[in-house]
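To start, the structure itself, in structure tokens.
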Amino acid sequence: MRRYGPAALLLLTGGAVLRITLLGDLYLRYVQAGLRPYLIVSGAALVLLGLVTAVLPHHDDGGGDDGDGDGDDGGPTGHVGHAGHAGHSHGPAGPRVAWLLTLPALALLLFPPPALGSYSAGREAAQRAARGVGTFPALPAGDPVELTVAAFSSRAIYDSGRSLKGRTVRLTGFVTHGDDGAWYVTRLVVTCCAADATTGKVEVRDAGDEVLPADTWVTVTGTWRPRGALGSDAAWPPVLDAVTLTRVAQPADPYEKP
């Protein structure tokens, strides 16, 4: 069993990486799409290394009978030989514990965790990009304008040209709740991987009396309601007066890019 322990761990880990990258879009819950080729190469390398480890000849350094038929392992006395056998009998305890390392890889292979949601967003509710007030590029013609939550927030808080004024926009994200009864359409912004996720959110008003559960994915169409001075804390989070609200499925890539 000791011989195949490292090989099994490598095969499980490599198989888990290949599963989330080759058999769907699960890898997008952890990293940006551009890192997919590197994950595939890494997973394939781990599987190959595991196969090589499994078939290579195994040399047991744990000692044993020296072939002289007397039952000892080459020690000067029978007592030393017996101690050698006693020590050898306890050797497998380490590898047996090491098998526990396969559990995380097996869990990733069989039960990949969900994308980050309202809990992660709530921990960083007050975090936003540090930037100065300035003029943003013009929005595309035609309404409604499809915007990311991060783009809408940036324009609402920092755009001195007020490019959102008079425009109808469409935002998609998941529901989070505030302590005062307000609710928000929220997205997590990922630069490289889920570990560096930051939060963008927009307060939704006039969306009816229905209380949507946290983590429900929705598409909201509406107009910007200005509040607070540009670049100030009072301007955040921005507000959207809803015109239409539709429940939607979670997108394959649940994160926004900065």
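With hydrophobic clusters built from ILVMFWY side chains whose heavy atoms lie under 4.5 angstrom apart, V202 does not share a cluster with V243. Connection of V248 to Y255 is established within a shared hydrophobic cluster, with ILVMFWY side chains joined at heavy-atom distances below 4.5 Å, either directly or through further cluster members. Under the 4.5 Å side-chain heavy-atom criterion for ILVMFWY residues, no single connected hydrophobic cluster contains both V239 and V218.
Within the 4.5 Å cutoff, no side-chain heavy atoms of D159 are placed close to those of V133. Put simply, the side chain of P237 reaches to within 4.5 Å of the side chain of R227, judged on heavy atoms. Counting only heavy atoms from C-beta outward, the side chains of P226 and R162 approach each other to under 4.5 Å. Residues T172 and E146 have side chains in contact (heavy-atom distance under 4.5 Å, counting atoms from C-beta outward). Put simply, the side chain of T223 does not reach to within 4.5 Å of the side chain of R167, judged on heavy atoms.
Note that CH2 of W224 and OG of S153 are 11.5 Å apart. Values are rounded to the nearest 0.5 Å. Rounding to the nearest 0.5 Å places OG1 of T216 at 11.5 Å from CD of Q250. The OH atom of Y158 sits 10.5 Å away from atom CG of L230, with the distance rounded to the nearest 0.5 Å. In this structure, the separation between CG on L171 and OG1 on T219 is 9.0 Å, given to the nearest 0.5 Å.
Residues that satisfy the side chain to side chain donor-acceptor pair (under 3.5 Å) test with T221, not counting sequence neighbours, are T244.
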Candidate pair L139 and R155, rule side-chain contact (heavy atoms from CB on, under 4.5 Å), full reasoning: CA-CA 10 Å; L139 290 171; R155 288 176 180 270; 3.4 Å; yes
Pair T199-L188, side-chain contact (heavy atoms from CB on, under 4.5 Å): steps then yes or no: CA-CA 5 Å; T199 303; L188 293 170; 3.5 Å; yes
Steps toward side-chain contact (heavy atoms from CB on, under 4.5 Å) verdict (V185, V175): CA-CA 5 Å; V185 56; V175 173; over 6 Å; no
CA sep, side-chain torsions, deciding dist, call: R170, L147, side-chain contact (heavy atoms from CB on, under 4.5 Å): CA-CA 6 Å; R170 179 183 295 129; L147 290 176; over 6 Å; no
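A salt bridge links R225 and D206; the closest N-O separation between the charged side-chain nitrogens and carboxylate oxygens is under 4.0 Å.
Distance alone, capped at 3.5 Å, is enough to place a donor-acceptor pair between the E256 side chain and the A150 backbone. Side-chain atoms of S154 do not come within 3.5 Å of backbone N or O of A151 as any donor-acceptor pair. In terms of modelled atom types and a separation under 3.5 Å, the side chain of R187 and the main chain of P254 share a donor-acceptor contact. Judged by distance alone, the side chain of T53 and the main-chain N or O of L49 form a donor-acceptor pair under 3.5 Å.
Put simply, the residue from Y184, F174, W183 that forms a side chain to side chain contact (heavy atoms under 4.5 Å, CB included) with K201 is Y184.
For CG of D180, the number of neighbouring non-hydrogen atoms (other residues, nucleotides, ligands) closer than 6.0 Å is greater than 12.
Nearest heavy atom pair, residue V220 against residue A242, reads CG1-CB, 3.8 Å. P213 and R247 make their closest contact through CD-NH2, 4.3 Å (heavy atoms, listed as atom of the first residue, atom of the second, distance). Contact record, A235 with A229: CB-O, 3.5 Å, taken as the closest heavy-atom pair.
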